[in-house]
Amino acid sequence: MPEDLNYYSTLIAVADDCPVTAAEVPGGRGGRPTVATLQYELISGTPYGLTQEDVLFETWLRRQDLPAGLTAERRAELRKEFFSRSQACLRASPLPKKHGWGLLFDQDGRIALCPMESEEYRRLVDGAQAGQDGGVRVLKALRSRRS
C-alpha cells in the first residue's frame with residue numbers, strides 16, 4: 001500500500017463541466033446505492049471524521065456482496081488487498097464531478113462536504129484564484145468529458 005493517499009488542507013472544487021449550479025443529494029439507481037450515494041452518506045454522516053482512504057475503502061466494501069459482521073482482521077485484510085491496487089482519488093468522485101459538492105480536507109486529512117453555492121466554498125475558490133489561499137490548496141475535480 002502506498003504511504004499515504006490522503007489530501008491535507010485542500011478543497012477539491014467541482015469540475016468545470018459539473019452540470020448543476022447548486023449541490024444536490026445523489027440518489028440511488030436500480031434499488032442499489034450508487035458510488036455517489038455511498039460517498040455522500042459516509043462524508044455527510046461524519047463531517048471531518050473520515051480520510052480519503054477511509055471513504056474509498058468503505059465505498060468499495062459496501063458495494064461488495066460480503067456477509068455482514070466482518071471481523072476486524074478480515075476488514076484489515078480486505079483493506080490491504082484493496083490498496084494493493086492503484087485507486088482513483090476523490091478528484092474522480094461523482095460528488096464534485098456531477099453533484100456540486102466540494103470536498104474539503106482539514107489539516108489532518110479528514111473530509112467534509114462543502115456545497116458549491118456556500119459562502120465558505122466561494123471564499124476558498126476566490127481566495128485561491130487571488131493567490132490568497134489561507135492555507136487551503138484548491139484542486140479541481142476531474143472533468144467528465146474531454147475538452
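What you see is a predicted model, and the numbers here were worked out from it, not measured in a lab.
Here the closest heavy-atom approach between residue A23 and residue E117 is recorded as N-OE1, 2.8 Å. Taking every heavy atom of both residues into account, T34 and G27 meet most closely at OG1-O, 3.5 Å. Scanning both residues, N6 and D4, for their nearest heavy atoms gives N-OD1, 2.9 Å. Shortest non-hydrogen contact noted between A92 and L142 is CB-CD1, 3.9 Å. Annotation for R63 and P33: closest pair NH1-O, 3.2 Å, computed over non-hydrogen atoms. When all heavy atoms of Y121 and P115 are compared, the pair lying nearest together is CB-O, 3.3 Å.
In this structure, V35 is not a member of the same hydrophobic cluster as I43, with clusters built from ILVMFWY side-chain heavy atoms closer than 4.5 Å. In the hydrophobic clustering of this structure, L90 does not group with Y8; members are Ile, Leu, Val, Met, Phe, Trp, Tyr whose side-chain heavy atoms approach within less than 4.5 Å, directly or through other members.
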### Message
Is there a side-chain contact (heavy atoms from CB on, under 4.5 Å) between L139 and Y7? Walk through the geometry before answering.
### Response
CA-CA 10 Å; L139 301 172; Y7 288 104; 3.6 Å; yes
### Worked check of side-chain contact (heavy atoms from CB on, under 4.5 Å) between T51 and R110
CA-CA 5 Å; T51 64; R110 310 276 182 202; 3.3 Å; yes
### Task
Kindly determine whether R79 and E53 satisfy side-chain contact (heavy atoms from CB on, under 4.5 Å), including the steps that lead there.
CA-CA 9 Å; R79 188 173 173 119; E53 291 174 357; 3.5 Å; yes
### Task
Please test L104 against Y48 for side-chain contact (heavy atoms from CB on, under 4.5 Å), starting from the C-alpha separation and ending with a verdict.
CA-CA 9 Å; L104 184 56; Y48 297 114; 3.2 Å; yes
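Under 4.0 Å is where a charged nitrogen must lie from a carboxylate oxygen, and between E77 and K80 no such pair does. Salt-bridge annotation for K140 and D17: absent, with no side-chain N of the basic residue lying under 4.0 Å from a carboxylate O of the acidic one. A salt bridge links R122 with D126: the closest approach of a Lys/Arg side-chain nitrogen to an acidic carboxylate oxygen falls below 4.0 angstrom.
Distance CD/E24 to NZ/K98: 11.0 Å, rounded to 0.5 Å. Remark: L56 CG to L61 CG distance equals 12.5 Å, nearest 0.5 Å. R75 CZ to F82 CZ: the interatomic distance, rounded to the nearest 0.5 Å, is 12.0 Å. Taken to the nearest 0.5 Å, the CG atom of L95 stands 12.5 Å off from the SG atom of C114. Atom CD1 of residue I111 and atom CD1 of residue I12 lie 7.5 Å apart, to the nearest 0.5 angstrom. The OG1 atom of T59 lies 11.0 Å from the CD atom of Q87; values are rounded to the nearest 0.5 Å.
Within the 3.5 Å criterion, the main-chain N or O of C89 finds no donor-acceptor partner in the side chain of Q52. Without hydrogens or angle criteria, W101 side chain to M116 main chain gives no donor-acceptor distance under 3.5 Å. When atom types are taken as modelled, the side chain of S93 and the backbone of R91 share no donor-acceptor pair closer than 3.5 angstrom. Using modelled atom types, no side-chain atom of Y40 and backbone atom of H99 make a donor-acceptor pair closer than 3.5 Å.
Within a 6.0 Å radius of CD in E73, no more than 12 heavy atoms belonging to other residues, nucleotides or ligands are found. Other residues, nucleotides and ligands contribute over 12 non-hydrogen atoms within 6.0 Å of the CD atom of Q64.
Annotation: side chain of V138 is not in contact with side chain of T10 (no heavy-atom distance under 4.5 Å). In this structure the side chain of L38 reaches within 4.5 angstrom of the side chain of E41, judged on heavy atoms. No side-chain heavy atom of Q39 sits under 4.5 Å from any side-chain heavy atom of L103.
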